[in-house]
Amino acid sequence: QVQLLESGGGSVESGGSLRLSCVASGYTYNMRCMGWFRQAPGKEREGVATIERDGSARYDDSVKGRFTISLDNAKNTLYLQMNKLKPEDTAMYYCAARAQPKCPAGDWWTVVQMYSDWGQGTQVTVSS
């Protein structure tokens with residue numbers, strides 16, 4: 001059974017940094033498109049970043065230049081380095097995986113239904 005387990009969330013002040021991790025069991029990252037999503041209270045889940053197995057990545061405009069998604073295939077771990085955090089980044093962050101190796105084209109990578117496996121989430125809170 002595929003499992004995704006996130007960690008690394010917490011509370012930080014505006015301008016601070018956090019690194020989220022997502023460890024997978026049941027398959028290897030280099031066979032799948034992986035992504036990070038987030039959901040704030042009262043809002044829909046939204047795409048933050050996605051990464052192909054060749055390492056190429058895409059980001060939501062709101063996090064470009066501040067967040068970095070990466071893979072460590074040897075450790076079967078997905079990361080999200082978050083710098084210059086803002087209060088509007090406060091949300092539950094989720095790791096997601098597709099059943100296919102390619103990430104969706106265009107803006108389809110941000111669509112929740114394009115991903116088949118999800119973690120339980122890790123909370124990120126940024127205070128002003």
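As the structure is a computational prediction, the values presented were derived from the model and not from experiment. Heavy atoms only: backbone and side chains are in, while hydrogens, waters and symmetry mates are out.
- Under the rule for a side chain to side chain contact (heavy atoms under 4.5 Å, CB included), the partners of Glu46 that lie at least two apart in sequence or sit in another chain are Arg38.
- Under a hydrophobic-cluster definition in which Ile, Leu, Val, Met, Phe, Trp and Tyr are linked whenever side-chain heavy atoms come within less than 4.5 Å, directly or via other members, Val48 and Val12 are assigned to the same cluster.
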Taking distance alone, no hydrogens or angles, what donor-acceptor pairs closer than 3.5 Å link side-chain atoms of residues 14-22 to residues at least two apart or in another chain?
residue, atom, partner, partner atom, Å
Ser17, OG, Asn83, OD1, 3.0

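- In terms of the side-chain hydrogen bond (donor to acceptor under 3.5 Å, both in side chains) criterion, Gln120 has no residue partners (sequence neighbours excluded).
- Lys86 meets the side chain to side chain contact (heavy atoms under 4.5 Å, CB included) test with Arg66, Glu88, Asp89; sequence neighbours excluded.
- The structure places CE of Met34 at 5.0 Å from CG of Leu78, a figure rounded to the nearest 0.5 Å.
- Side-chain contact between Thr90 and Val124 is absent, with no heavy-atom pair separated by less than 4.5 Å.
- Scanning all heavy atoms of the two residues, the minimum distance from Thr122 to Gly8 falls at OG1-N, 4.1 Å.
- Taking the side-chain hydrogen bond (donor to acceptor under 3.5 Å, both in side chains) definition, one finds that Lys43 meets it with nothing, sequence neighbours left out.
- For Arg58, there are no side-chain hydrogen bond (donor to acceptor under 3.5 Å, both in side chains) partners at least two apart in sequence or on another chain.
- Side-chain contact between Thr68 and Leu80 is absent, with no heavy-atom pair separated by less than 4.5 Å.
- By the rule that hydrophobic residues join a cluster once side-chain heavy atoms approach within less than 4.5 Å of another member, Val126 and Met82 end up as members of one cluster.
- The structure places CD1 of Ile51 at 4.0 Å from CG of Leu71, a figure rounded to the nearest 0.5 Å.
- Here Ser128 pairs with Pro87 under the side chain to side chain contact (heavy atoms under 4.5 Å, CB included) rule; sequence neighbours left out.
- Using the six-membered ring where Trp is involved, Phe67 and Tyr93 have ring planes that are tilted, between 30° and 60° apart.
- Hydrophobic side-chain contacts under 4.5 Å tie Tyr79 to no other Ile, Leu, Val, Met, Phe, Trp or Tyr residue.
- No donor-acceptor pair under 3.5 Å is formed between the side chain of Ser56 and the backbone N or O of Asp54.
- Atom CZ of Arg98 and atom CD of Glu52 lie 9.0 Å apart (nearest 0.5 Å).
- Of the inter-residue distances, the one linking Tyr94 atom OH with Phe37 atom CZ reads 12.0 Å to the nearest 0.5 angstrom.
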Under 3.5 Å, which donor-acceptor pairs do the side chains of residues 106-115 form with other protein atoms, sequence neighbours left out?
residue, atom, partner, partner atom, Å
Thr110, OG1, Asp107, O, 2.7
Tyr115, OH, Thr50, OG1, 3.4
Tyr115, OH, Trp109, O, 2.8

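- Side-chain N or O atoms of Glu6 include one that pairs as donor or acceptor with a backbone N or O of Gly121 at under 3.5 Å.
- With sequence neighbours excluded, the residues that form a side chain to side chain contact (heavy atoms under 4.5 Å, CB included) with Ser127 are Glu13.
- Side-chain atoms of Trp118 and Cys95, non-hydrogen and from C-beta on, never get closer than 4.5 Å to each other.
- Contacts classified as disulfide (SG to SG under 2.5 Å) and involving residues 35-69 (residues at least two apart or in different chains) are not found.
- A salt bridge links Arg32 with Asp117; the closest basic N to acidic carboxylate O contact falls under 4.0 Å.
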